[in-house]
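Beneath this line is the structure, given in structure tokens, with notes to follow.
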Amino acid sequence: MKTQLLGRFTSSTEINRLRLAFLPDGSPVVAYHDGSLYAGGPLAVQRWDGAAWLATPTGLLGVGKVRALAIHPGDGQPWLVHQFRQLDQFFIRVVRWDGNQWAVVGNDIETNDQINPGQTAFNHPGPRQLAFNPITQQPILLADDIAANGRKLRAYALNGGAWTALGSPLSLNHTRAGQLAFAANGTLYVAYCEGYDNTTDLDFVGNPRSYGSGGFSDRVTIKQWDGAQWITQGVGPPNAVYLALAVDPTDHRPWIAFRNRDQSSQLTVRRWSSGTRWEVVGQAAIATAEHEMTLEFSASGKPMLMHMGGLSGVQIWGYTLGESAGTWALEYEVEAAIQTNT
């Protein structure tokens, strides 16, 4: 199928941390920083009006790095999560568009960051680090803790005018691709690639799997908030690096797409079946997984998987239920310049 080019974004150097969301009327909104992955750059938010991309005033946002973009389910206005640097400290800030300007939401959260290519490439955020509870509309935020606290991934809930920690830290140490998603019934799930530590958990088919200490294992981990604590719902193979999380809007089951070491580092999609068991959806090896990916459900409920397909650019796969497991088929392909970072 052919795709339509919706104009071009304004950029003076290079675009990094590109995020996409849709307003209630269906108009797409994008956020990115115009500059280096490591140094950051001017923050930009633009909306498609049907003919051109219109820039939302971002002067007060300054220079930093984009982390997340989400649309509030009540007033339909964009919320932006970005980080900025003050001397040798890094902070995460959440702002919302009130129709005229960007207003700060809650307190700034101190975090950790990678500032040059020579540092370990952990704590790269996944595409969905801010989400709203569909029942209460309370926002939940993911953020990496500071180095003194092991750079662990934490979830925060907005209570009044402050972001407060939601339970204990999610991870044992560094993470990659951390992201969250709500089911329509309000159940919250988080997925990420774990760093390293000595631990034993259940894998995707319910068997104990032990990970030795030392090195970065990048194991897939999915957790659920039960109202009081985080409980592990699945652990997959290490060396994943890239993953995506989504929740089926019809039966509320979480789905996970990840780079699967057990399938020659190709894309695999699994969905929760029962307990800590996750079943494979479609073919076990869908495509080469060289870059980040996104998993979504269309308005009709069809699962769609997007990933950077190497030299060919962006590939979008659709899942069709068959007589047995169903299949993923390539539906769209877009030529694009690809970088290996997030």
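Look at E296 and R128 and you find a salt bridge, because one of the NZ, NE, NH1 or NH2 atoms lies within 4.0 Å of a carboxylate O, short of that distance. Salt-bridge check for R93 with D108: passed, with a basic side-chain N closer than 4.0 Å to an acidic carboxylate O. Electrostatic pairing of E279 and R271 counts as a salt bridge here, judged by a charged N lying under 4.0 Å from a carboxylate O.
Between the side chain of W163 and the backbone N or O of A155 there is no donor-acceptor pair closer than 3.5 Å. Checking side-chain atoms of Y242 against main-chain N and O of C193 turns up no donor-acceptor pair under 3.5 Å. The backbone N or O of R277 lies less than 3.5 Å from a partner atom in the side chain of S273, making a donor-acceptor pair. Listed for the K223 side chain is a donor-acceptor partner under 3.5 Å among the backbone atoms of L170.
With hydrophobic clusters built from ILVMFWY side chains whose heavy atoms lie under 4.5 angstrom apart, L141 shares a cluster with L158. Under a hydrophobic-cluster definition in which Ile, Leu, Val, Met, Phe, Trp and Tyr are linked whenever side-chain heavy atoms come within less than 4.5 Å, directly or via other members, M293 and L330 are assigned to the same cluster. The cluster map of Ile, Leu, Val, Met, Phe, Trp and Tyr, joined by side-chain heavy atoms under 4.5 Å apart, puts L130 and I109 in the same cluster. Taking hydrophobic clusters as Ile, Leu, Val, Met, Phe, Trp and Tyr residues chained together by side-chain heavy-atom distances below 4.5 Å, V104 shares a cluster with W97.
Nearest approach of W328 to G282, heavy atoms of both residues: CD1-CA, 4.0 Å.
When each of K152, R67, R154, R151 is paired with D144, the side chain to side chain donor-acceptor pair (under 3.5 Å) condition holds for R67 and for no other.
Aromatic ring centroids of F297 and W255 lie under 6.0 Å apart. Ring centroids of F132 and W79 are separated by less than 6.0 Å, placing the two rings close together.
L305 is listed as a side-chain neighbour of I286, based on a closest heavy-atom distance under 4.5 Å. T187 is not listed as a side-chain neighbour of W225, based on a closest heavy-atom distance of 4.5 Å or more.
Looking only at atom types and distance, the side chain of Q179 has no donor-acceptor partner in the side chain of Q129 under 3.5 Å away.
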